[in-house]
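Accompanying notes for the structure given below.
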Amino acid sequence: MTGIGGRLERFAHEYGVRIGQITTVIVILALWLPILIVAFMSFAADGVLSFPPSGLTLDWYFVFLNNDSAIDSILTTLQISIVATPITVALATMLSYGIGRYDFRGKDTLQILVSLPLIVPLLVVGISLTLFFGSLQLGGGFGPIVVSHVIRTLPFAALIILPTFLSFDQSLEEASKDLGANEIQTFFQVTLPNILPGMIAGGLLAFTISFNEFVYTYFVRGTGVETMPIYLWNQIQYTATPEVNVLSVVFLLVAVMMVLTAVFVTNVERIAQT
Amino acid sequence: MSILTIDDLRKEFGSLVAVDGANFEIEEGEFVSILGPSGSGKSTILRMIAGFENPSAGTITLSGEDITDQPPFERDTNMVFQHLALFPHLTVGENIEYGLKQRDVDKAERKESVEEMLEMVQLGGYADRDISELSGGEQQRVALARAIVNEPEVVLFDEPLASLDRKLRQHMQFELQRIQEETGITFLYVTHDQEIALSISDRMVILNDGVIEQIGSVEELYDSPTSEFVADFLGDLNSISARVSALTEDQVTFTARDLDFTYSRSELQIPGGISLQKDDQVDLCVRPYDTRVQREAVDGSITGTIQNRMYRGNETAYVVDTSWGEFLVIDEEQTTDIDIDTTVSMDWDGSNTFVYAVEGS
């Protein structure tokens, strides 16, 4: 009883909480420190990236605001994400509707096939997309990038939207009709309020991933289109000024905002369902 | 005039006949149960009345109007669903006023009705709560309030009490009866639980395999079931198959294997007034409460050994293993206490014996 097991147990009992706390701090630091340093370095006064900086300045933010190609790259990225996201949400919703509402052969397989692309290496799909658009003689550009973004974001959106449909109790719609609401009123008063949080959360996640998308875009973009991650990559390769950090901060803010909104919306949905 | 009339109602799902020609009428203000085992088609009948299923044939008439082809939202019926189906995105008050809102009742009046309903189901002050904050019993009350606030012609219940524990279920049964009396609204309650049906309804419709076996008041059904199925379903039944071996002016003798049972004709319960002929094959049935058990084997009676004994407070139940099968005996007197494995014999009075003709004989 007082062997190694017993001593281990006593040790865990005495220091377990402390060890857990320390581990948490280390993990959080590892996750956020690089990001904080990048954010901090966006205020560096030096022309090249060196730590610690000799002074702090907002200059690089003004450089960024006057840099048309940087702003353009953000606008291009937004355009692509704004087109790709609704397509993804629409497709994921229809898919989830089918899987959630109907029983058919291969339903389980279909569910797995929808989310399985998440584990396929990005480079592999990137290469196959290049081959695909190449063989269609479409070349690169806006259209192929949007298609690639839809392919990239669909599994994520489906992962969020599908549970909404699986947990939706169809007798709610019957109850609504029983109480005098017709099909259309039922859709807007009962169905939509119950699935909308899932759709919004799925859409925000899709938007964030599309906004960050690099690999597929790099393969299918051709020469004309430069999204923000591509612009950033090109900048880092040639001139690493603190302006790159400014771009990263802008990038970060958009992503964090999206994810926080997504988390908030999904929580609201969970509260509504319990 | 009856408020709800079901005429030759039939429902097929592919090759499966779920409801096979159902006919019954419900009077205004009645509390009627449709009772049957699972798969007997009782929920299907309810869903056809509500408008969620289209009948394959037959008509449904509500207050003189043929509603067979009306969509659910046009029918003046409201349902309390099996899993309640309360709207999770709405508060208690919003759930209850949902039906009124669809009918464009103005806001002040809606609020007043909601308050009134909440009082009736003893949830005063709950209007702004979320559905998720309520206990199971409270949710039942909200579902009930949501249905009766619209003052429909008939409220339909799809076994909503089945999920409650015994004590709460009994309490809700009393509540249902009270509210039905207060509002005077007609209730149609579907269940597989004969205890609930017996205790809450005025009349029962017994359904077996899509066919109505018997309709009548609770007492009628329990005291004179017209079929062995009904008798067995409303309280267990001990049954032996026998042959009519001798008939006289006032006595009948049944022979089952090597045993003879002789009863006076007038005391026997022969539902449906079938006239017995010599050599008819019949089932002799007795309720466990009417079966007596005694310690020693008596010649000319059914003997067996006590296999199991269940003490239930005010009664003791014995399971007797015989060469005829298992018999259930319920002893309310509790004057004798018989141990397991004791050899016993059983008997009963002719006045408690139901005689059912065996089909195909």
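Numbers restart at 1 for each chain; the letters A, B, ... are given by sequence-line order, proteins then strands. For the numbers below, each heavy atom of this structure counts, side chains included, while hydrogens, waters and symmetry mates do not.
- Rounding to the nearest 0.5 Å places CG of A/Asp178 at 8.0 Å from CZ of B/Arg146.
- In this structure, chain B has heavy atoms under 4.5 Å from both the backbone and the side chain of A/Gln189.
- Between A/Gly180 and B/Phe73, the closest heavy-atom pair is C-CB, 3.5 Å.
- The neighbour count for B/Glu151 CD, taken as heavy atoms of other residues, nucleotides or ligands under 6.0 Å away, does not exceed 12.
- Residues B/Pro88 and A/Asn194 have side chains in contact (heavy-atom distance under 4.5 Å, counting atoms from C-beta outward).
- Contact annotation: the side chain of A/Val190 approaches that of B/Tyr98 to within less than 4.5 Å [non-hydrogen atoms, C-beta and beyond].
- Other residues, nucleotides and ligands contribute more than 12 heavy atoms inside 6.0 Å of the CZ atom of A/Phe104.
- Nearest heavy atom pair, residue B/Ala85 against residue A/Ser171, reads CB-OG, 3.4 Å.
- For the atom pair A/Ser176 OG and B/Gln102 CD, the distance stands at 6.0 Å (nearest 0.5 Å).
- Within 6.0 Å of atom CD in B/Glu112, 12 or fewer heavy atoms from other residues, nucleotides or ligands are found, so the atom counts as exposed in its surroundings.
- Scanning all heavy atoms of the two residues, the minimum distance from A/Leu172 to B/Leu86 falls at CD2-O, 3.2 Å.
- Using a 4.5 Å cut-off on side-chain heavy atoms (C-beta onward), B/Arg47 and A/Glu174 make contact.
- Here the side chains of A/Asp169 and B/Phe81 are not in contact, with every heavy-atom distance at 4.5 Å or above.
- When heavy atoms are compared at a cutoff of 4.5 Å, B/Asn150 approaches chain A solely by way of its side chain, counted from C-beta outward.
- Counting non-hydrogen atoms of neighbouring residues, nucleotides and ligands closer than 6.0 angstrom, the CG atom of B/Leu16 exceeds 12 such neighbours.
- Proximity of B/Leu100 to A/Leu179: side-chain heavy atoms (C-beta onward) are nowhere separated by under 4.5 Å.
- The neighbour count for B/Phe13 CZ, taken as heavy atoms of other residues, nucleotides or ligands under 6.0 Å away, is above 12.
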